[in-house]
There are 2 protein chains.
Amino acid sequence: MANKAAPDSSRRSERSRRAIFDAALTLVGEVGYDKLTIEGIASRAGVGKQTIYRWWPSKAAVLLDAFTAGVDDYDVKGLPDTGDLAADLKSVLRATADEFNDPAFQAPYRALAAAGANDEELSRTFVARLMEPGTRLYVDRIRAAQEAGEVAADIDARIAVEMLLSPFSQRWLMRTGELTHDFVDTLVDQVLRGLRPRG
Amino acid sequence: MANKAAPDSSRRSERSRRAIFDAALTLVGEVGYDKLTIEGIASRAGVGKQTIYRWWPSKAAVLLDAFTAGVDDYDVKGLPDTGDLAADLKSVLRATADEFNDPAFQAPYRALAAAGANDEELSRTFVARLMEPGTRLYVDRIRAAQEAGEVAADIDARIAVEMLLSPFSQRWLMRTGELTHDFVDTLVDQVLRGLRPRG
């Protein structure tokens, strides 16, 4: 009996977990981080709030897991490495631009980023859990290109990645420009131009 | 009599304006943008709230003028042009890093940036009034370097400036890294390396 019950219970838990994540991401986009509550998430997800408290200590923890659940796949695969650094970066960043331009993605991510700008602990968790793993994939890809001789050995890979990703993030967060494929292509070309081995 | 009264009244106005700006910047750092009120600013500045409403329609308008008053000088002078682009950019960005690392500067600017991430109209005004004029100084300096042959003619000056300023802003806003002079120097060198004319 115990053996048969376990998969059902685990499927039920997984269904609740998904419902809670969807509710948290939708709600934070609708009401903002400050007005988001565990009660609100529970009600939207159709679960008791004790179910949420059993798994997470705070609304920030729920949200961070909800976001992380969406990026885990990407994280495991790493960036493509076809041997053509420019093509690989353009393909990933064009897809990321399409994602960031999607209103359904925008609202929750923006609410979390905004809350993080004012709340240092949330910001540090947000960066460590969400931004840093993604950034590290790019750093790894630049290092692989350094080993392949496509990028100069004396380049600071971390700062190179910031030259690539920060203009992208800032255009989006501060609405200082459009995230078009043309922008992505020019950015990649202009950053890589400085990274190539000299002579 | 009217001729004598005018300078006194204008000095008094200027004193009130300064007191209102100081109060607005201090308070937004203390309580955040959401809890900032015209009443609170008036009380801290020692003026009636009608004085504030006579000059500004909203707390956002007061804050933006308060920030702009602090950067006007810089805006008028433009970036230094000694003929050495790397040295000029390092000197300006090192000074800017020192300023951004000052807690008295941090709190109000961060509160406004955070509020802007969630409030599109505030964000667009913030960008147009505060970020864009500064960005344009850098674009002008890169264009001057293009004319002087220090930077390749086919470089997109705007994106070059974003490669320089966005990593700086993001480290500060998201707390993803320190704003040290070493960071600034490496960033400038690495960006300029890609901008130089080829061959």
Student: Closest approach of Leu36(B) and Ala24(B), non-hydrogen atoms and distance?
Tutor: CD1-O, 4.3 Å

Student: So what's closer than 4.5 Å to chain B heavy atoms on Phe126(A): side chain, backbone, both or neither?
Tutor: side chain

Student: Identify the residues of residues 147-154 of chain B whose heavy atoms come closer than 4.5 Å to a heavy atom of chain A, ordered by number, or report 'none'.
Tutor: Ala152(B), Asp154(B)

Student: For the interface with chain A, which of Arg196(B), Arg158(B), Met163(B) has the highest count of heavy-atom pairs at distances below 4.5 Å?
Tutor: Met163(B)

Student: Shorter than 4.5 Å, heavy atoms on both sides: which option in Glu132(A), Gln190(A), Arg171(A) has the most such pairs with chain B?
Tutor: Gln190(A)

Student: Is any side-chain N of the basic residue among Arg17(A) and Asp65(A) closer than 4.0 Å to the acidic one's carboxylate O?
Tutor: no

Student: Could you tell me which portion of Ala160(A) (side chain, backbone, both or neither) has an atom closer than 4.5 angstrom to a non-hydrogen atom of chain B?
Tutor: both

Student: Looking only at non-hydrogen atoms, find the nearest pair between Arg141(A) and Leu79(A) and report the distance.
Tutor: CB-CD2, 3.9 Å

Student: Is a salt bridge present between Arg124(A) and Glu121(A), judged by a nitrogen-to-oxygen distance below 4.0 Å?
Tutor: no

Student: Is the Trp55(B)-Phe21(B) ring centre distance short of 6.0 angstrom?
Tutor: no

Student: Mind listing the side-chain donor-acceptor pairs of residues 39-46 of chain A below 3.5 Å, one per line with the distance, residues two or more places apart or on another chain?
Tutor:
from     : atom 1 : to       : atom 2 : distance (Å)
Glu39(A) : OE2    : Lys49(A) : NZ     : 3.1
Arg44(A) : NH1    : Glu30(A) : OE2    : 3.3
Arg44(A) : NH2    : Glu30(A) : OE1    : 2.8

Student: Heavy-atom pairs under 4.5 Å with chain B are the metric here; pick the option from Ser166(A), Ala128(A), Gly177(A) that has the most.
Tutor: Ser166(A)

Student: Whether Arg129(B) engages the ring of Phe67(B) as a cation-pi pair (distance to the six-membered ring centre under 6.0 angstrom, angle to the ring normal within 45°) should be assessed.
Tutor: no

Student: Is Glu162(B) in contact with chain A via its backbone, its side chain, both, or neither, using a 4.5 Å heavy-atom distance?
Tutor: both

Student: Got a donor-acceptor contact below 3.5 angstrom from the Asp88(A) side chain to the Thr82(A) backbone?
Tutor: yes

Student: Looking at every heavy atom in both Phe183(B) and Thr180(B), which two are closest together, and how far apart are they?
Tutor: N-OG1, 3.0 Å

Student: Go through the atoms of Val127(A) and report whether side chain, backbone, both or neither lie under 4.5 Å from a heavy atom of chain B.
Tutor: side chain

